Amino acid sequence: MLRVFQVLLFLLAAVPCGIPFRYPPNPVFPSELAAYTLATLLVLAVAGLPTQRVETTRMPWMAMVWFGLAAVLGLQALTMTVPYWSDLTIPALYLVTAGMSVWALARARDEFGIAPLAQALAWGLVVGALFNSAIAVEQIYQLITSGPRLIFGNIGQKNMYGHYLAWGFASVMWLSATGKLPRWLTVTLSLWFALSMAYCGSRSPFLYAVAWLVFGLLLAFGKQDVVRRLGRNLMIAGALIIAMQFVAPLINDVIGSLLRSQNEVPTGLDRLDSNGARRLVEWHKAWLTFEAHPLLGVGWGEYPAHGVALQVQPEFAKVVESVLFTHAHNSLLNLMAETGVIGTGIVVLGILAAFFGLWSRRDDDVAMFAAALVAVSILHSLVEYPLWYYHFFGPFALMLFLAFGATPRKGPAVSRAGFALYGAASIAVAVFGGLTYLKIYPIIDPSDSVKTNERNLKILGELRHNPLVDFYADYALSNYITASSENMDWKLGILDRLNAVRPYPGQLSDAAIMHAIKGEAVLAQTLMRQAAFAYPESLDYFRDELARFPHDAKVQALAKPVGEAEAMFGVQKHDGE
C-alpha cells in the first residue's frame, strides 16, 4: 500500500500541471479535474490500510481548515441569493476533497511514516517542473526567432509557471539535503531551474528568493544535520534565483548572436518597473467590498461584479486595463471580500497555527521542506490567486499538512468504509463533471448552421440548470444573444444573472440596450456606464451597437455614458471582445 500512496502523490505533483489542453469555457478544467481525481484516489486508498491503525487517526487540524471554509460556503448558500450554484458547489467539492486528502495522508503517515510520502511528492514536483521547463525551451526559441510571446511550459500562465518551478527547485534542495540526489545532479538541476525561473519573466521569484534566503539562514543554525543542509541549500537557491536574473541577459546575447536574432527573452528583472497600478486598484476595491459586507462577504465568486461596479469611480477608472478581473489579485483581500471575517478567519488562523507550530518541529526536515513550499504559494497568493486552481490548491493543502501535521487528541474519526464511500461518490462526480465538460465546450460559440445552433441552444438550456456548470452554460448562451426587442425576457434572464457575478463587456452592453428598450432607463444607464468605464478599449464596439438602433431615443440615450468615457479615456484601440 505504501507504493500506492507514493504513486498517487507523485502523479498529483507531476501530472496536472503538465496537461496542455486549454479549451473554453474553463481552460484549466482538465488540469483541475486530473488533480481532483488523483486527490480522490488518495482518499480511496485509505480503504486498503489496516483497520486497527486507520481507526485511531483523528481529523488533522489542517483538514479542519478546509472543512470549515466549505461550511462557510454552505452558510452562504442558506443566507444569500445564489446566482449560480456552480460558484459554490465546485469550490465546496474542492475544499472537502482537500480536507479528506489531508486526512488520508495523515492515516498513511501513521502507517508508513512521513518521509517516504514526502519524497514521492518531492520527486513528482521535480519531474513535473523539469517537464514544463523542457516544454518552455521551444517557447523560448520561438520568442527569440519570431518575437514576443509568453513562456509558461504547459501551465498557461508565466507566474503560475514560476510558482511551479519554485516548488520543483525547493524539492531538489530537500532531496539533496537528505542524500537522495547526487551532487552533480543537484548542481545541474539548480542551475537549470534558476535560469528557467528567470526566463519565465515573472517577478514573483524575487519574493521566493528573499524568503528562502531568510528562512535558510535560520535553518542553517539548527541542531539536525539534514535541516542545516536544507537551510544552506535554500540560501544557495535564493542566491541563484537572483543571480540568474543577471546571467540570463548574457545568455540572450550569445543565443541571439548564434541565431542572428534581435529578440531577447525578458526576465523578471526587466519587468521590475512594470506598472502594477491596476493591482493596487483591485486591492482597494476588494477592501471597500469587504467593508460593505464584513461578516460573510458578498458570496464566493461574486467579487468581479462588485469590482466592475466600483470601476466607474474616477480614481479607479483612470487606471485603464480593459479586462475583467475575476479576482482581486490578492488572495487574502479576495477572501475577505467574498467570505468576510468568518471565512477569512478560518483560513488565516489555520495557516498562522501551522506557521507558529513550525517552532516545535524545527528539527523535522520534512516540516521545514514543506514550509519552503508553502512560503512560495502564500507569497504568490499576495499578488495573484494560484490557490483558486485545484492543481495548485490540492498539493498546497497536503504541503500545509506536512508542515504542521498535528491532530487533536480527541476528535472525529471515520472508518475505512467512510473514506471509501466519499471516494466513490467523489469519483462519480469527477466522471459526471468530465462528461459534462466534453458536452459543453464544443458548443461554447455559435455555428454557421441554424439547425446546429438550435440543437446547441437546447443542450445549453438543459445544462443551465446543472449545479456543476450552470454558469458556463449561461456564459455560452450569452454568445448566442444579440440585443433586440425579441425574446427580451429570456435574454435578460441570462444576461442579468451573468452580470451579477462576472460582467463582460458584451453582456453589459446587450443588457443595457434591452433594459433601455423596456423603458428601464436608470438600470440601462448604470449598466452602460459600467461597461464604458471598465472596458474603455470596447468604446467603439459600444458605439457600433448603439448605432443599430438609430431611431430609438431610449437606446440612443445610452450614448451619454459612452461619451463621458470617451472624454476621459480618449480614443482607445478596439481589439474585439
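Since the model is a prediction, treat every value here as computed from it, not as a measurement.
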Just do the side chain to side chain contact (heavy atoms under 4.5 Å, CB included) check on His163 and Ser377 with the steps written out, would you?
CA-CA 7 Å; His163 181 152; Ser377 299; 3.0 Å; yes

Ring center gap for Tyr437 and Tyr441 short of 6.0 angstrom:
yes

Near Gln262 CD, under 6.0 Å, is it more than 12 heavy atoms from other residues, nucleotides or ligands?
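No.
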
So, do [X] and [Y] sit near enough that their side-chain heavy atoms are less than 4.5 Å apart?
X: Leu150; Y: Tyr161; value: no
X: Leu12; Y: Leu398; value: yes
X: Tyr199; Y: Leu143; value: no

Indicate whether any N or O donor in one side chain lies under 3.5 Å from an N or O acceptor in the other, for Thr267 and Asp270.
yes

Donor-acceptor pair between Asn499 and Gln530 side chains, under 3.5 angstrom:
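Looking only at side-chain atoms, Gln530 and Asn499 do not form any donor-acceptor pair under 3.5 Å.
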
Does [X] pair with [Y] as a salt bridge, N-O distance under 4.0 Å?
X: Lys491; Y: Glu486; answer: no
X: Lys451; Y: Glu454; answer: no
X: Asp474; Y: Arg497; answer: yes
X: Glu282; Y: Lys285; answer: yes

Is it true that a side-chain atom of Gln556 and a backbone atom of Leu546 form a donor plus acceptor pair closer than 3.5 Å?
yes

N/O donor-acceptor pair under 3.5 Å between Ser331 side chain and Glu384 backbone:
yes

Look at the aromatic rings of Tyr385 and His327 and report parallel, tilted or perpendicular, splitting at 30° and 60°.
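Taking His327 first and then Tyr385, their aromatic rings lie parallel (interplane angle under 30°).
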
Look at the rings of Tyr390 and Tyr94 and say which category their plane angle falls in: under 30° parallel, 30 to 60° tilted, over 60° perpendicular.
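Answer is tilted, since the angle falls between 30° and 60°.
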
Quick check for you: to the nearest 0.5 Å, what is the distance between Met336 atom CE and Trp283 atom CH2?
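Answer for the CE-CH2 pair, Met336 versus Trp283, is 13.5 Å.
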
If I take atom OG1 from residue Thr326 and atom OH from residue Tyr303, how far apart are they, to the nearest 0.5 angstrom?
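Reported to 0.5 Å precision, the distance equals 10.0 Å.
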
NZ or CZ of Arg502 within 45° of Tyr475 ring axis and under 6.0 Å
no

Evaluation steps, side chain to side chain contact (heavy atoms under 4.5 Å, CB included), between Thr344 and Phe290
CA-CA 11 Å; Thr344 307; Phe290 166 70; 5.9 Å; no

